[in-house]
Amino acid sequence: MAAKPRRSTYVPQEIEPKWQKIWTDRGVMKADDAATKPKFYNLVMFPYPSGPLHMGHMRNYVIGDLLSRFKRMQGFEVLNPMGWDAFGLPAENDAIQRGGGVHPEDWTRGNIAIAKRQLGIMGVLYDWDREVTTCDPSYYRWTQDLFLLFLERGMAHRMMSPVNWCPVDKTVLANEQVINGRCWRHPDVEVEKRDLEQWFLRITTYADRLLDDLALLDDWPEKVRVMQANWIGRSHGVEVEFPIDGHPGESMRIYTTRPDTLFGVTFMVLAPEHPLVDKLTVSGQRRAVQEVVEAARKEREIDRMSSEVKRLGAATGANAINPLNGEKVPIWVADYVLITYGTGAIMAVPGHDQRDYDFARQFGLPIRRVIAPPDGSPHDPDEEIEAAYTEPGVMVNSGQFDGLDSKTGFERVADYIELKGIGKRSVKYRLRDWLISRQRYWGCPIPVVHCEVDGIVPVPREDLPVLLPRAYKPLADNADFWRTKCPKCGRDARRETDTMDTFIDSSWYFLRYTSAHDDTQPFDPELANHWMAVDQYTGGIEHAILHLLYSRFFQKVLHDAGRLEATEPFTRLFTQGMIKRGGMVMSKSKGNGVAPDDLVDRDGADAARIYELFIGPPDEDAEWSDAAIAGPVRFLQHVWRLVEAPESFAVTGSDASAAVLHRRVHQTIRKVTEDYDGFHFNTAVAALMEFANALQKYLQGGGARDEGWHFALRTLVLLMNPMAPHAGEELWVRLGGTGLAADAAWPEYDAAAAVEPEVTLVVQVAGKVRDRLTVTAGISEDQALASALASERVRAALNGGRPSKVIFIPDKLINLVP
RNA sequence: GUCGGCGUGGCGGAACGGCAGACGCGCCGGACUUAGGAUCCGGUGCCCGAAAGGGCGUGGAGGUUCAAAUCCUCUCGCCGACACCA
């Protein structure tokens with residue numbers, strides 16, 4: 001064996017590139033589909049390549065890399081892939097902002113190259129053989145293939161939908177491109193609302209399963225499950241027909257979740273877009289109603305959030321008849337009722353709904369109380385009410401239903417409505433079908449052809465992919481693209497010029513990783529079933545709803561199509577917090593990003609990685625400090641000197657104990673293993689720092705550099721290896737380890753060896769700490785009490801008396817209550 | 001407005017019914033040194049005290065408990081998500 005490299009100073013720049021090359025050359029992170037070891041699919045959310053990565057992005061990849069290295073050492077066959085969410089508007093925006101000189105594809109490819117290099121210099125490893133790039137025809141061919149599957153299964157359809165239209169660009173704008181009702185590129189041009197045929201995916205078909213299956217996701221953050229549940233927004237209610245006075249045969253269908261308040265209806269409201277508005281409005285009200293309709297339409301286009309104070313409304317002049325009590329109530333039109341939810345019409349119960357209450361107050365409409373608080377307070381139906389009472393209570397002023405509680409009342413009234421045939425129970429969702437059409441350039445073309453004779457004709461699978469042309473302009477403006485022949489009849493036809501929402505691309509990429517080179521299908525079901533579900537998915541909370549919901553939807557559709565066994569794609573989800581600097585989230589636009597390149601140059605990748613892990617609990621936001629990285633730098637130098645130059649620590653005491661050291665090793669293995677498993681990376685770093693401090697104390701106490709010492713060093717190096725893999729590998733070699741540290745087995749701890757023989761017993765008198773005793777672990781209450789009473793300070797605190805009560809927590813505390 | 005999260009030293013944070021402030025940054029003092037933005041040693045919540053020691057302390061007010069940063073109620077502040085979903 002050649003002479004060991006000797007250097008007592010830690011110079012990360014000298015070792016990091018070397019190990020990065022070795023890992024790549026040896027294919028350390030290549031996943032073997034045929035391995036017999038238990039599999040572990042470790043996934044981080046793939047990035048949108050919008051430019052160089054900063055340390056805010058990097059947190060995600062550092063955590064993911066730590067986990068994949070940790071799981072490998074624990075004996076799992078780890079699939080740890082990476083790719084690029086490469087289609088999307090920012091590529092177009094950026095190209096335009098730079099004067100149109102850069103083609104979105106070139107811009108994207110350039111950014112990918114930069115980001116990939118940055119991941120490399122941080123020592124973050126992936127199985128790059130499985131790399132996917134969503135804008136690559138080899139990928140989006142299969143996105144198109146899956147679209148056809150959705151189409152065949154009736155899960156994709158076209159319907160009219162309003163879109164934002166810029167009259168100058170003659171193009172559709174995404175919601176984010178509409179600023180104060182104006183085009184983001186033309187601040188003096190008002191955006192128009194146009195109704196266009198748009199493609200939708202029928203995610204609402206899966207609303208119940210997407211909601212109910214959240215219960216299966218025990219290892220998801222509660223927060224994310226709540227957000228998804230709210231987003232789906234299932235509500236149980238009743239649809240009721242209100243006949244319209246003077247319009248025989250005409251009726252107004254409303255949806256309510258509070259049928260128990262039906263006797264409190266004092267008016268009705270139609271959404272401005274409701275088809276009955278025109279029919280019912282009397283001539284005297286036509287102008288007022290028209291104004292509301294117009295204003296409401298404008299309002300939708302301008303900033304809706306700012307327009308919630310004043311409600312717009314006008315009476316139609318028509319009246320509805322309450323089918324429960326026969327009362328005539330006026331029908332209004334108001335902007336606070338949405339055409340897109342329920343039936344687009346409501347019964348207004350101002351006594352028990354705050355929005356109805358506000359509206360009634362604004363327009364002087366009557367307010368009636370029909371639910372009394374359960375405490376039995378008075379309930380004069382006409383008394384002045386200061387706010388809507390929205391809690392459950394007891395039905396009053398409600399005819400034969402008086403005295404029922406809200407819950408029972410709901411059922412009885414619903415029964416009555418169904419019995420009389422004037423309505424039925426109904427479940428509604430806040431979730432809408434997924435509008436996937438984009439009328440831009442940089443996206444995946446929707447693979448259908450419009451034929452005058454055959455209608456919508458799917459592009460035959462063998463003709464996929466429908467290639468995105470190189471010419472950078474909206475597809476609708478590219479006749480070379482859309483001029484085609486009908487695949488069915490051969491006549492002239494028009495290719496679909498919509499592209500797909502990029503969330504489609506990212507709804508199945510984790511499946512493609514399992515067989516990234518399959519050129520016969522989107523993914524190989526056998527391999528997908530082998531690796532799926534993803535065991536650990538790590539990413540930002542900003543994707544808590546859309547990306548995760550859409551991916552779950554895809555998984556379920558593919559399951560129903562017989563392509564996948566698992567019904568949920570991600571077993572365990574971790575959402576990491578954001579890195580801030582100067583109080584703001586790190587971002588390119590704010591200019592407060594810290595480049596990994598600079599940190600690597602100055603302090604090394606390992607220190608940068610440890611600092612990101614040490615900065616705070618990974619699920620919480622953290623404030624970046626430019627100075628605090630000094631701690632991890634010193635820690636690595638410290639470990640280096642312990643291994644390479646232990647003689648530099650002068651002997652200054654004489655209390656080194658091999659037994660203490662040995663115990664400390666096992667305690668640290670336990671602590672670090674548990675912290676990695678529990679995502680407490682910050683305390684894992686702290687534990688290793690303490691361990692290094694303990695090793696130094698041992699040396700300074702005159703400890704022998706024997707096998708016990710070397711065992712401690714090897715353990716330290718292996719435990720820190722997932723965090724600081726370059727230093728880990730280098731020191732592993734210098735300690736005489738065989739093979740790569742990345743391939744070494746994770747240290748196991750001996751629970752018996754980790755037990756402390758002596759513990760500090762806190763002695764309290766009346767709950768106040770009066771003494772601390774060092775006692776043998778496991779002593780009995782009697783022994784502990786005797787020791788406690790032997791203490792001068794305890795006796796003083798007891799004033800010579802005897803405790804009337806003793807609380808004893810073994811090995812921790814004894815509390816004497818006088 | 002609804003839902004959720006978070007408030008602990010100068011700073012990042014630890015402890016998550018049982019010693020509040022682990023670990024680190026910063027700061028103060030010392031050692032070694034020609035020198036040090038290196039390394040090592042000691043100190044560092046606040047108040048009283050020379051010390052021993054004592055008191056007070058986890059946004060605020062109550063409560064439960066032998067014991068509360070931790071559990072409960074109310075309240076204030078910050079952050080996030082959804083935002084007229086009947």
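The model shown is predicted, which means the values in this text are computed figures rather than measured ones. In what follows, chains carry the letters A, B, and so on, assigned in the order in which the sequence lines appear, proteins first and then strands, with residues in each chain numbered from 1.
The phosphate of B:rG37 has neither OP1 nor OP2 within less than 4.0 Å of any side-chain N or O from A:Gln637. Checking the phosphate oxygens (OP1, OP2) of B:rG26, a side-chain nitrogen or oxygen of A:Arg634 falls inside 4.0 Å. Look at A:Asn682 and you won't find any side-chain N or O under 4.0 angstrom from OP1 or OP2 of B:rG12. Under 4.0 angstrom from either OP1 or OP2 of B:rG13 there lies no side-chain N or O belonging to A:Thr683. Distances shorter than 4.0 Å separate some side-chain N or O of A:Arg641 from OP1 or OP2 on B:rC40. Applying the 4.0 Å criterion to OP1 and OP2 of B:rG4, one finds that A:Lys223 has every side-chain N and O outside that range.
A:Phe359 has its ring centre less than 6.0 Å from the ring centre of A:Phe267. In this structure, A:Trp624 has its ring center under 6.0 Å from that of A:Tyr611. Annotation: A:Trp434 is in aromatic contact with A:Tyr550 [ring centroid separation under 6.0 Å].
Listed nucleotides: B:rC19, B:rG4, B:rA83. Nearest to the side chain of A:Thr760: B:rC19. For A:Leu813, the side-chain atoms get nearest to B:rG18 when compared with the rest of B:rG13, B:rA83, B:rG18. When distances run from any side-chain atom of A:Lys768 to the nucleotides B:rC19, B:rG54, B:rG55, the shortest one goes to B:rG55. Distance from the side chain of A:Met689 is smallest for B:rC23 among the nucleotides B:rC23, B:rA86, B:rA14. Taking the side chain of A:Gln700 as heavy atoms from C-beta on, and the options B:rC41, B:rC3, B:rA22, the nearest nucleotide is B:rC41. Out of B:rA20, B:rC82, B:rA86, the shortest distance to the side chain of A:Arg430 is found at B:rC82. Ranking B:rC84, B:rA81, B:rC25 by closeness to the A:Asp335 side chain, first place goes to B:rC84.
Within 4.0 Å (heavy atoms only), A:Pro632 reaches no atom of the nucleic acid at all. Across all strands shown, A:Ile809 has heavy atoms under 4.0 Å from base atoms, whether or not it also approaches the sugar-phosphate. Nucleic acid contact class of A:Glu623 (heavy atoms, under 4.0 Å, all strands): none. Among the protein residues, A:Thr652 comes within range of no part of the nucleic acid, since none of its heavy atoms lies under 4.0 Å from any strand. Backbone-only contact: A:Val226 has heavy atoms under 4.0 Å from sugar-phosphate atoms and none from a base.
Side-chain atoms of A:Glu690 and A:Arg664, non-hydrogen and from C-beta on, do get closer than 4.5 Å to each other.
How far CZ of A:Arg581 is from NE2 of A:His54: 11.0 Å, rounded to the nearest 0.5 Å.
Remark: the separation of the C1' atoms in B:rC78 and B:rG43 is 34 Å, to the nearest Å. Between B:rG10 and B:rG36, the two C1' atoms lie 26 Å apart (nearest whole Å). B:rU70 and B:rG7 have their C1' atoms separated by 14 Å, given to the nearest Å. Between the P atoms of B:rU73 and B:rG12, the separation comes to 28 Å (whole Å).
The pairing partner recorded for B:rC84 is none, the criterion being a Watson-Crick or G-U wobble arrangement whose two distances lie under 3.5 angstrom. Pairing for B:rG49 is absent, judged as Watson-Crick or G-U wobble with the two contacts each under 3.5 Å. Searching all strands for a Watson-Crick or G-U wobble partner of B:rA20 with both distances below 3.5 Å returns nothing. Summarising the base pairing, B:rU73 is matched to B:rA61 through a Watson-Crick or G-U wobble pair whose two defining distances lie under 3.5 Å.
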Taking it one step at a time, do A:Asp598 and A:Arg602 satisfy salt bridge (charged side-chain N to carboxylate O under 4.0 Å, His left out)? CA-CA 6 Å; A:Asp598 297 343; A:Arg602 195 189 64 193; over 6 Å; no

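Checking A:Asn693 against A:Gly342, the closest nucleotide of RNA chain B that is more toward the 5' end is the one next to A:Asn693.
Between the base of B:rC84 and the side chain of A:Arg311 there is a donor-acceptor pair shorter than 3.5 Å.
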